[in-house]
Protein chains: 2
Amino acid sequence: MSLKHAVLGLLSESPASGYDLMKLFNASLTNVWPATQSQVYGELGKLTAAGLAEVSAHGPRGRKEYAITREGIAELQHWLAEVPPGGPHRDESLLRVFFLGVLTPLEARTFLLGRAEETARLHAELRRVDEETQWDDDMISVYGRLTLEYGLRMTAAQEEWARWAAEQIDSAKVREASDRVRSRHGLGTGDGPAATARDDGPDDAPAPTA
Amino acid sequence: MSLKHAVLGLLSESPASGYDLMKLFNASLTNVWPATQSQVYGELGKLTAAGLAEVSAHGPRGRKEYAITREGIAELQHWLAEVPPGGPHRDESLLRVFFLGVLTPLEARTFLLGRAEETARLHAELRRVDEETQWDDDMISVYGRLTLEYGLRMTAAQEEWARWAAEQIDSAKVREASDRVRSRHGLGTGDGPAATARDDGPDDAPAPTA
DNA sequence: ACCCGACGTGTCAAGAGTGGAATGTGGGAG
DNA sequence: CTCCCACATTCCACTCTTGACACGTCGGGT
């Protein structure tokens, strides 16, 4: 339901063609609300039909420049101020964590550390954007800055958590529990994907403490 | 693509009927990967057709108990260990922040503080769950605990951010920028949704510092 | 003069997710 | 014994999202 508002929001900054909007999506909204061509063009059509946007100019190669209408602004404001945000976050990474017990503790640990590095990478990327952008005082800049800061804080917290979680796994209890589950399914050497997962002997040896 | 793995993951813990799975989804995965009846039952069908799950028992009222198969386990492991996580987060709240400039600074500030409270509420709820749960050492407990900790950390960071962001808005520059954008669209008293949004005089008076 | 790369629009198929409704049965409370 | 609620499945119609494909055109560099 929110692609509509994303497009309206971008149009509220300045008129744009579908092509322009795609660039904007890829530039500023990639990590917030990704969208594809088909979606954008489709949405522009619906928006126009609904009277929330209109074609404000025709350009060179069939280019249609869309502008937000008064009704569009109203709808945007309505959405921002009155519609209760209720997006149930789906988090694939987290879903994986939940079932990490199906892997060996070693594999699980590796996964978490991988997550940590990935998050760190994203964090660095965001920091780079932050530093390279010259923040002036238009709407996109001001609130874009807030959005970016959010990203910075979240990625930082995520990395911290992932490293902490990896440590948690280095515990005898966890290893026992995992073994129990795995043996319940008759898992041992075979079957599994990465042959890294082997149970060559009791897990008494201390886990490699990186 | 991940509902499939969510179902497989739950089945890997113990066999269950579609009805059971729904309860599990609502109990433990609501904030990670929400799902509806139609989805779950549909997925069970596909899973069975694909040989990743099978009907392991028939119960009282047409009840079909599903169990994960060896292939299912393998697929789950494969997904966990080898498929690179790439979920592009969509965050509706964040999208709103990006366009908050369409509202008055006061409204924007209110929105952010509302977010802060909402997050705080969720945080408290998670803490409650954490304390009330008796964490033993099976897979769901151990990794569920990690997942929960993630939620606790994220909600904490989000609330902090929201309060910080609300403060940021109390700045002359932001107010000017917002006014500029709003006037560009000829906004004043009318039109807008919440009549709270009024520009009765210059915004020189300090914003109410909660 | 020509050609390639950027501009620019559009359609389609398929899968994911939402929300609601229809249908039926078993078992326990009263 | 009866009735109602929890159990349990299935179908439907819709929107959102993805990914690819198809098509046409302006403009500048060689």
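Sequence lines set the chain letters: A, B, ... in the order given, protein chains first and strands last, and positions in each chain run from 1. Every value quoted in this text rests on a predicted model; they were computed, and no experiment measured them.
- The aromatic rings of B:His5 and B:Trp79 sit parallel to each other, their planes meeting at less than 30°, with 60° as the upper class boundary.
- Counting any heavy atom pair closer than 4.0 Å across all strands shown, B:Ser17 reaches sugar-phosphate atoms only and no base atom.
- A side-chain hydrogen bond (donor to acceptor under 3.5 Å, both in side chains) with A:Arg127 holds for exactly one of A:His123, A:Glu131, A:Glu125; it is A:His123.
- A salt bridge is defined here as a Lys NZ or Arg NE, NH1 or NH2 lying under 4.0 Å from an Asp or Glu carboxylate O, and B:Glu92 with B:Arg90 fails to meet this definition.
- Spacing between atom CD of A:Gln37 and atom P of C:dG10 amounts to 11 Å, rounded to whole angstrom units.
- If you take CD of A:Glu92 and P of D:dT17, they are 17 Å apart, rounded to a whole angstrom.
- Phosphate contact (OP1/OP2 of D:dC16, side-chain N/O of A:Lys46, threshold under 4.0 Å): present.
- In this structure, the nucleotide among C:dT9, D:dT10, C:dG20 sitting nearest to the side chain of B:Ser38 is C:dG20.
- At the phosphate of C:dG10, neither OP1 nor OP2 sits under 4.0 Å from any side-chain N or O atom of A:Tyr41.
- Ion pairing between A:Glu159 and A:Arg163 holds under the 4.0 Å rule for side-chain N and carboxylate O.
- Of the candidates D:dA8, D:dT17, C:dT9, D:dT17 carries the atom nearest the A:Trp33 side chain, counting heavy atoms from C-beta on.
- Contact annotation: B:Lys4 side-chain N/O to C:dG17 OP1/OP2 distance is not under 4.0 Å.
- Nucleotide D:dA8 holds its P atom 4 Å from the CZ atom of B:Arg63, rounded to whole Å.
- OP1 or OP2 of C:dT18 sits under 4.0 Å from a side-chain N or O of B:Gln39.
- For A:Arg61, the side-chain atoms get nearest to D:dG24 when compared with the rest of D:dC12, D:dG24, D:dA8.
- Across C:dA6, C:dG17, D:dT9, the shortest atom-to-atom separation from the side chain of A:Arg90 is found for C:dG17.
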